[in-house]
S.K.: 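So that we are looking at the same thing, I have put the structure below in structure tokens.
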Amino acid sequence: MYQSLLTRRYLTHRIMPLLAALAVALSTAMVATTWSVMGGFLQILLDSGRTFVGDVRIFRPSRGFAHYDELIARLEADPMVDRACAIIETFGVVSLVGDETRAVRVIGVEPTSYDAVTGYFDTLYWHPIDLPNRADRLGEDPRLRPLVPDNPDLARRLELTWEQIEQNGREVMRMDRKILRRVPAIVPGIEVHGHVNRRQPGGWYLPYAHVPNPQRVDDWFLVPVHGEVTLRVLPLDEDGRALEMASRILPVANEFRTGNYEFDSNMVIVRRDMLQEMLHMDEAERIVEGSSSGIVVDPDTGEERFVEPETVVDPARANAVLVSGAAGVEVNALRARVEEIYEAFSREFGQPAARVQTWEQINAGFIGAVRKEIALVLVLFSFISLTAVFLVLAIFWSMVNEKTKDIGILRSLGASRAGIAWLWVRYGLSIGLVGSLLGGLLSVLIVRNINPIHEWLGRALGITVWDPKVYYFSEIPSRIDPSATAIVLIGGVLAAGVGALIPALRAAHLDPVRALRHE
Amino acid sequence: MSETILEARQVHKTYRLGRVDVPVLRGASLRVERGEWVAVLGASGSGKSTLLHLLGGLDRPDRGRGSILFEGRDLAHMGGHELDAYRARSVGFVFQAYHLLPELSVLENVLLGAMVRHGRVGFARRRSALRARAERLLDLMGLGHRLRHRPVELSGGERQRTAIARAMINEPTVLLADEPTGNLDEQTGGAILDAIAALRDAGEGRQTIVMVTHAREVARRADRQVRLRLGEVVEEDVPSPA
Ligand SMILES: Nc1ncnc2c1ncn2[C@@H]1O[C@H](COP(=O)(O)OP(=O)(O)OP(=O)(O)O)[C@@H](O)[C@H]1O
Ligand SMILES: [Mg+2]
């Protein structure tokens, strides 16, 4: 009883406990904010990791499987499946603009079905935009303005509009200006040409310019307008042996950006039919082995006849099918179902077994890494927050000193040691509560406004903590994680209680007579 | 017909200062009868406060050297909780330096003793009765109009009267007052003694009081005077009033 009265009074009549509460508030705000932001960061990564995988992937590297249209029809007939698409995943080498060569993942897609499963169209970077993104304060993003402002007619004819470039990306085709025909093209990740597309602090890309006047398109080297890439892939025969390297020069149709550096710097997208040709995975007629051809004499009639060799048509092949689940379908349940469907299909069509994995399993490496990183940061910050515990301890120690006489008086009135200890622990918990609530509020305010705050820091102090060049997101995640925040706040209350514990025990063990004589 | 309520028997108390033992009480004995007002005189440092703390169960005598008996029970046989209860119910302390809690109002300071004694539930149940008692006591002390004031807003005499009301809130069997007028001028001190005297007669039986003082005039208000000398209690020869 007296504990609650005194706690209230001590809280409202002294400055020290408010300082302690402030320390708790700052610590909890720091940890809660970090947790929310890092959680948001993880979520973005997870989303981007999902981007080009769909929910579940059926994968058989190298030779892949045939009759994929039948497989897709069966998959899409299942109520758990929303859409499915067949692709080819392989490795290749690209010679880039500016004579760079690098190894990349090559994805052969049929764009419309690929988009239905993965949202590919939304990742195309070069398209017209109406508003600059938040960090592009001066509106310097070239996509804000027409590509050829002075001559719209000519621009249209030469297909030099952002609209047309976006369309090129959707079809993975581009006008070959020498022959004036649309030809299969390539869509690399935007960081594949990272030496040409220079990412700005505002989060947008400035194409390489020979003359430093980025407002004039003629001065730019715009990859989806001027760029050409040589793609080399390695076809394999049925036994997995390498055949002769296939090579093609492809114009760049557009570039994609998922926000995941892994994809954006290492992946290129081409048309599936073209890649099938390059890899000899397209539909082909083939002579049945052991069958002979030539002139045959009929033993009965003695008639001579030309026998055609026995042939079969090998259907086109793909080596992966991506599946997206219907709304509300849990991804592991979907995986199990897809596996069943594939097994039935493979039995019926004599296709080999394949790996069926969820997007999380496919990306397990980097998801795990990010999760660990977040845990590490949280542990470090919680450690730093221990300073709040020590601050509460120090403040309480001195308050117990200051209040020694009160403790003696209370003991003379019959208060027990336990009662005195509880007075101080309770007091610590109250300070923790006040501090935590304050910290929670602060954290919500910070997280909600983290982007303006960050911009202000950048402007006022020249500090760029979250450099989009490095972090790869133009905006800091600003989603509040309610359960994480709740955990941190409860932790804050308990931490203050722990900090108060030692001074409380000391108070309880004070000799009442000495306490009363205390000056 | 007289009944001993509180008794110190051959009490020794030694403080230890580093390696040196400082014996303060050396076989002090004192019997306090029910309803009696005893004044304990003595020079500064003679151990008056020490004796009072022992009587009130705030401190214990040297081990095995003397005992304090309350209503015939040896305090040495009481555990920590019993001793807490003894302080909460049976005795009330008044100190020279008032010892009020500065954050609490006059009324809250008085009720504090009741809160400690009854705990949360018990206090809530008796709240109105206790409040009424506190107000009556403060009225008796002439502070009925200052219930909401804080100790800093009171004069020394008013503070001491608040402290007396606090000591009396739980209707203690014995009031232990350690130089209640020590910090006050003669006139205010006189008023405090009047207040104690009024209080003494306000209840059903007469209130038992042990009052420590070094001033003869103050001691004269008591029924009986004893003196601490060389660690022992001796009866004070009171010169009969001329
Ligand atoms: N905790 C302690 N440690 C050592 N010595 C102590 C302690 N408490 C009291 N003393 C000593 O015991 C002696 C008696 O002290 P006490 O306070 O009982 O005297 P007192 O008669 O009340 O004096 P005063 O009239 O000045 O209040 C003093 O000499 C004091 O210095
Ligand atoms: Mg004294």
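So you know, we letter chains A, B, ... as the sequences are listed, proteins then strands, and number each from 1.
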S.K.: Just say parallel, tilted or perpendicular for the rings of A:Phe396 and A:Trp424, cut-offs at 30° and 60°.
M.R.: perpendicular
S.K.: Is chain A contacted by the side chain of B:His53, its backbone, both, or neither, given a heavy-atom distance below 4.5 Å?
M.R.: side chain
S.K.: Non-hydrogen atoms of chain A under 4.5 Å away: do they reach the side chain of B:Phe95, the backbone, both or neither?
M.R.: side chain
S.K.: Check the side chains of B:Asp178 and B:Ser49 for a donor-acceptor pair under 3.5 angstrom, ignoring hydrogens and angles.
M.R.: yes
S.K.: In terms of heavy-atom proximity below 4.5 Å to chain A, should B:Pro102 be classed as side chain, backbone, both, or neither?
M.R.: side chain
S.K.: Can you tell me which portion of A:Leu6 sits under 4.5 Å from chain B's heavy atoms? Options are side chain, backbone, both or neither.
M.R.: side chain
S.K.: Do B:Asn109 and B:Tyr98 have a side chain donor and acceptor closer than 3.5 Å?
M.R.: no
S.K.: Quick one: which of B:His118, B:Glu103, B:Arg120 has the most heavy-atom pairs under 4.5 Å with chain A, could you say?
M.R.: B:Glu103
S.K.: Could you tell me which portion of B:Tyr15 (side chain, backbone, both or neither) has an atom closer than 4.5 angstrom to a non-hydrogen atom of chain A?
M.R.: side chain
S.K.: Side-chain donor-acceptor pair under 3.5 Å between B:Asn170 and B:Arg133, yes or no?
M.R.: no
S.K.: In terms of heavy-atom pairs under 4.5 Å, which option from A:Ala415, A:Gly419, A:Gly408, A:Ser4 contacts chain B the most?
M.R.: A:Ala415
S.K.: Who among B:Leu176, B:Val121, B:Ile169, B:Asp59 has the most heavy-atom pairs with chain A under 4.5 Å?
M.R.: B:Asp59
S.K.: Using a strict 4.0 Å threshold on nitrogen-to-oxygen distance, state whether B:Arg34 and B:Glu71 make a salt bridge.
M.R.: yes
S.K.: What's the verdict on salt bridge (Lys or Arg N to Asp or Glu O under 4.0 Å) for B:Asp84 and B:Arg87, showing C-alpha distance, side-chain angles and the deciding distance?
M.R.: CA-CA 5 Å; B:Asp84 292 336; B:Arg87 283 198 301 275; 2.7 Å; yes
